Amino acid sequence: MDYIRNYLITFAGNFTFSYYIFEEGTFAKPLMFATLMLLLIMTIDYMKSRNKYTLE
């Protein structure tokens with residue numbers, strides 16, 4: 001993928017902010033939240049690129 005750096009920055013940001021939001025002191029919930037958000041963003045980008053090529 002061309003946007004791996006952007007995905008990693010987004011993952012790190014989501015993990016950091018969710019770590020402070022959940023305030024449990026564990027990494028389980030923030031890691032799960034950041035991973036699910038990463039999958040969601042990657043899926044949205046994939047669907048956008050797929051639809052862009054099918055419309056032409």
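Computed from a predicted model, the values in this text were never measured in an experiment.
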(message) Strictly by salt bridge (charged side-chain N to carboxylate O under 4.0 Å, His left out), give each pair with a member in residues 13-27 just once, sequence neighbours left out.
(response)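 Applying salt bridge (charged side-chain N to carboxylate O under 4.0 Å, His left out) to every pair that reaches into residues 13-27, excluding sequence neighbours, yields Glu24-Lys29.
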
(request) Output the distance between atom CG (Asp45) and atom CG (Leu40), rounded to the nearest 0.5 Å. (result) 9.5 Å

(message) So, taking the atom named CG in Asn14 and the one named CD1 in Ile9, what distance separates them when rounded to the nearest 0.5 Å?
(response) 12.0 Å

(message) Check the orientation of Tyr19 and Phe27. Use parallel for under 30°, tilted for 30 to 60°, and perpendicular for over 60°.
(response) parallel

So if you build clusters from Ile, Leu, Val, Met, Phe, Trp, Tyr with side-chain heavy-atom gaps below 4.5 Å, do [X] and [Y] land together?
X: Met37; Y: Ile44; answer: yes
X: Ile41; Y: Phe33; answer: no
X: Met42; Y: Leu31; answer: yes

(message) Within the structure provided, determine whether Phe15 and Thr35 are in side-chain contact (heavy-atom separation under 4.5 Å).
(response)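 SC-SC contact between Phe15 and Thr35 ruled out.
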
(message) So for atom CZ, which belongs to Phe17, do other residues, nucleotides or ligands contribute more than 12 heavy atoms lying within a distance under 6.0 Å?
(response)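 Not more than 12 within 6.0 Å, no.
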
